[in-house]
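Just so you know, these numbers use all the heavy atoms, side chains as well, and skip hydrogens, waters and symmetry mates.
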Amino acid sequence: MQDTIIEALRRNATDQAVSLARQWVAAEPQQAQAHRWLALALQQHGQLADAQASIEQALALAPDDAALHLQHAGLLLAQRQVEAAGQALDRSTALNPNEFTAYVMQAHLALAREDIDEAERLARLAERVDPDSPDLGAIQGMVALRRGDVDQALRVLSVAAQRLPNDSRVLYALGFAYLGKDMLAFAEQAFRRVVDLNPQNQALRGMLVQLALRQGHVDRAAEAMREVLASEGGDTPGMRRVAGELELASGQPLQALEHLRPLLAQLPGDRATLQMLLMAWQRLGRDEEARAELDTALETHPQLHDLWLARLAVAPVGGEEAVQVVERWQAAMPEHVPALEARMRLHDMNDQADAAEALARQIVALEPGRFSAEERIVEALLQRDPPAAAAHVRALIERADEGARPGLRTWLGSVLDRGGDVAAALATWQQLHADLAPARLPLPPQAKAPVEWPAMGEVAEGNPMRPMFVWGAPGSGVDRVVTVMAAGSRVLRDDRFGPNPPSDAFQNFLTLQRLATDSLTPEQLVQQWREQLPARGIEDGNIIDWLLWWDNALLWALRPQLPEGRLVIALRDPRDMLVEWLALGAPAPLALTSSMDAAQWLARALEQVAELHEQDLYTHLIIRTDDAVNDPQAMGALLEQAFGLRFPPVRSLGPGTIEAGHWRKYAKALGAEFLYLTPVAVRLGYPEV
């Protein structure tokens with residue numbers, strides 16, 4: 001339905017878009033996205049008052065949906081001149097190219113329908129008329145936000161907010177810019193000011209509750225929620241859901257249940273509500289109540305996927321009750337692939353391999369290429385005919401689109417590996433890396449150790465800062481270490497691997513060259529890093545910073561300028577690291593032009609680790625992940641032993657990787673590469689053979 005509405009809006013068939021959206025709302029009145037697209041269709045049709053009512057209904061159902069708030073902001077801006085909406089705007093600008101307000105309103109309509117290029121074009125036209133307008137700044141800031149340039153958005157909107165400190169529209173956009181930088185306290189401040197200016201904005205009050213929770217301020221969140229529920233029109237399903245979340249965060253599952261239970265009838269298929277209900281029932285030990293209430297809801301709504309998943313969650317895993325629930329699900333939704341997948345997994349749990357394979361083939365008949373089923377078919381083939389398993393994956397690669405092929409080729413290598421054809425597995429991985437290399441980052445440069453290191457600085461007495469850097473070479477399992485650390489820490493940052501990384505020296509591969517030529521001083525390196533911390537949501541300097549790369553030459557700055565820092569290095573047998581790098585790639589998309597180049601680079605990187613450890617060049621901790629890379633519990637125990645802290649359990653560490661010692665299967669195929677890695681492996685404490 002959404003795609004059909006979008007297509008109608010692109011053709012400017014707004015009557016059709018409104019009609020389709022109304023049908024969607026009638027079919028799913030508790031679906032926030034249905035109301036959102038009705039609001040957008042009405043807005044583009046020029047019915048801004050009706051659009052406002054629809055977006056408010058969407059926000060009542062999903063008050064913590066940032067995209068809805070952003071659309072609401074654009075609608076509020078567009079309502080400055082209702083009569084100029086839609087085609088009237090086109091006529092206005094045609095008759096008067098200097099009609100600034102029309103350009104601004106058109107730009108907001110374009111933003112609402114996700115036409116960022118058109119919004120940017122209109123902003124340029126408006127800029128010719130009034131380049132200094134704060135209204136223009138709001139448009140430019142929103143365009144930058146949609147393009148992911150949060151820094152530019154923040155700069156533009158901050159200036160606009162200084163000039164119009166009481167303009168809720170600009171403050172609205174500024175709040176989302178802060179949110180994009182994860183600067184939660186600043187976002188909360190901006191949104192609070194909007195609420196002060198517009199007390200009737202109940203949905204934004206819900207956002208304030210969420211922001212307070214994300215910052216760990218449960219008391220402030222509770223206060224905000226009480227204000228919402230006590231206000232006129234504030235007691236909505238969306239707000240009750242937020243109230244339930246707040247009570248759960250406060251350790252009050254009974255109160256949470258009081259808020260959430262009525263929503264099972266009002267929002268029976270809402271995933272977030274169901275998840276919180278399950279959590280409350282679990283904490284209270286009310287499994288029978290959960291079963292009864294979910295079964296009652298399913299009698300009325302047997303077609304709701306998430307409702308079936310919730311019911312399955314309170315059945316013993318793999319047991320007879322789970323089988324009965326899934327069979328009821330299949331009866332209600334006979335060709336629903338997730339139901340068939342659940343039954344397939346239950347067959348496997350009960351050692352019914354033939355039945356599981358049969359269901360997998362039924363699934364791919366319904367949905368060719370469905371990975372869970374294709375994977376199960378390949379698993380069956382591996383047990384009886386490994387070459388057939390590889391042939392099956394090759395056929396999938398031939399049928400797949402270009403974007404899916406790299407992942408399938410990686411899988412083909414793993415299938416060949418498990419089937420014992422290590423030479424073909426290696427050739428598959430090597431060719432894939434060679435094909436991807438032109439679009440990837442070059443391997444980070446490596447520096448030689450200086451004759452003498454600068455003296456270690458003194459940590460000032462009472463200095464509360466204890467920043468931690470985390471790094472691991474490709475294949476080390478560092479991403480798995482970070483997964484467990486992130487579960488137990490609010491200050492871990494993995495943004496260096498995301499779309500908006502910090503722009504400091506640790507992110508730049510030219511840093512070593514700049515340090516060597518004195519175009520970047522050690523003082524500047526550390527100062528730039530510190531200056532970026534507030535924008536990363538770190539106010540006191542205590543951060544766990546997952547680094548994109550490491551070289552001991554960075555100690556030229558860290559030893560004198562950041563002696564209070566610590567470095568955590570993930571490590572496993574270097575030869576296993578090379579095989580994992582070839583098989584699965586690395587967290588950073590590094591170009592691997594050949595296995596020999598990778599081995600030589602990896603050997604130099606690990607020689608630096610050995611040197612750092614042997615000479616104790618910086619406060620550090622080496623985490624040997626060899627026996628824990630595929631075991632969440634073992635990884636948690638490993639980190640608990642290393643840090644003396646208990647980490648929350650995690651369900652998964654990610655896709656499975658090679659087990660410790662797997663490199664020996666490649667002793668012949670990678671013999672030349674291992675000649676470079678074996679000496680440093682021994683130096684780091686691993687056996688020679």
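Across all non-hydrogen atoms, the minimal contact from F176 to F191 is N-CZ, 3.7 Å. Residues P444 and W549 come closest through the heavy atom pair CG-CB, 3.9 Å. The two atoms that bring M142 and A173 nearest to each other are CE-CB, 3.8 Å, heavy atoms only. The shortest heavy-atom contact between R345 and S372 is NH2-CB, 4.2 Å.
A salt bridge does not link R493 with D545: every distance from a Lys NZ or Arg NE/NH1/NH2 to an Asp or Glu carboxylate oxygen is 4.0 Å or more. Ion pairing of R683 with E614 is present here, as a side-chain N (NZ or NE/NH1/NH2) and a carboxylate O approach within less than 4.0 Å. The pair E564-R466 does not meet the salt-bridge criterion, since no charged nitrogen lies less than 4.0 angstrom from a carboxylate oxygen. Note on D504 versus R496: salt bridge recorded, some NZ/NE/NH1/NH2 to OD/OE distance being below 4.0 Å. R575 has a carboxylate O that lies under 4.0 Å from a charged side-chain N of D573, or vice versa, which qualifies the two as a salt bridge. Using a 4.0 Å cut-off between a side-chain N of Lys or Arg and a carboxylate O of Asp or Glu, E341 and R376 do not qualify as a salt bridge.
With a 6.0 Å radius and a threshold of 12 heavy atoms from other residues, nucleotides or ligands, Q615 has its CD atom above the threshold. More than 12 heavy atoms of other shown residues, nucleotides or ligands fall within 6.0 angstrom of atom CD in E539. Annotation: E640, atom CD; neighbour count of heavy atoms from other residues, nucleotides and ligands within 6.0 Å is above 12.
Residues L274 and M279 fail the side-chain proximity criterion, which asks for heavy atoms closer than 4.5 Å. For the pair F509 and L443, the minimum side-chain heavy-atom distance is 4.5 Å or more.
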Please step through salt bridge (Lys or Arg N to Asp or Glu O under 4.0 Å) for the pair E379 and R418, ending with a clear verdict. CA-CA 10 Å; E379 189 66 30; R418 291 182 59 198; 2.8 Å; yes
Chi angles and distances behind the side-chain contact (heavy atoms from CB on, under 4.5 Å) call for M468, V568: CA-CA 7 Å; M468 181 183 294; V568 174; 3.6 Å; yes
Run the ring pair (Phe, Tyr, Trp, His ring centres under 6.0 Å) check on F371 and W411 step by step: do they pass? CA-CA 11 Å; F371 185 76; W411 183 30; 4.9 Å; yes
Take L592 and W601 through the side-chain contact (heavy atoms from CB on, under 4.5 Å) test and state the conclusion after the steps. CA-CA 10 Å; L592 200 162; W601 183 91; over 6 Å; no
Dump the intermediate steps for side-chain contact (heavy atoms from CB on, under 4.5 Å) on D479 and F497, then the final yes or no. CA-CA 11 Å; D479 49 323; F497 296 82; over 6 Å; no
I'd like to know whether R311 forms a salt bridge (Lys or Arg N to Asp or Glu O under 4.0 Å) with D306, so could you lay out the CA-CA distance, the side-chain angles of the two residues, the decisive distance to 0.1 Å, and finally the verdict. CA-CA 9 Å; R311 178 61 183 88; D306 287 307; over 6 Å; no
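Summarising the geometry, atom CG belonging to L606 is positioned 8.5 Å from atom OG belonging to S476; distances are rounded to the nearest 0.5 Å. The OG1 atom of T619 sits 9.5 Å away from atom CG of L612, with the distance rounded to the nearest 0.5 Å. To the nearest 0.5 angstrom, L61 atom CG is 8.5 Å from D270 atom CG. Taking CD of Q524 as the start and CZ of R514 as the end, the distance is 7.5 Å to the nearest 0.5 Å.
Remark: the Q215 side chain and the E188 side chain contain an N/O donor-acceptor pair separated by less than 3.5 Å. Checking D551 against Q608 by side-chain atom types alone, a donor-acceptor pair falls below 3.5 Å. Side-chain N/O atoms of R155 and Q152 include a donor and acceptor closer than 3.5 Å.
Listed for the H662 side chain is no donor-acceptor partner under 3.5 Å among the backbone atoms of D576.
In summary, the aromatic rings of W663 and Y686 are positioned with their centroids too far apart to meet the 6.0 Å limit.
Annotation: salt bridge (Lys or Arg N to Asp or Glu O under 4.0 Å) contacts of R566 (sequence neighbours excluded): none. Under the ring-ring contact (aromatic ring centres under 6.0 Å, His included) criterion, H217 pairs with no residue at all, not counting sequence neighbours. Contacts of E659 classified as side chain to side chain donor-acceptor pair (under 3.5 Å), with partners at least two apart in sequence or in another chain: N630.
Using the six-membered ring where Trp is involved, F469 and W529 have ring planes that are tilted, between 30° and 60° apart.
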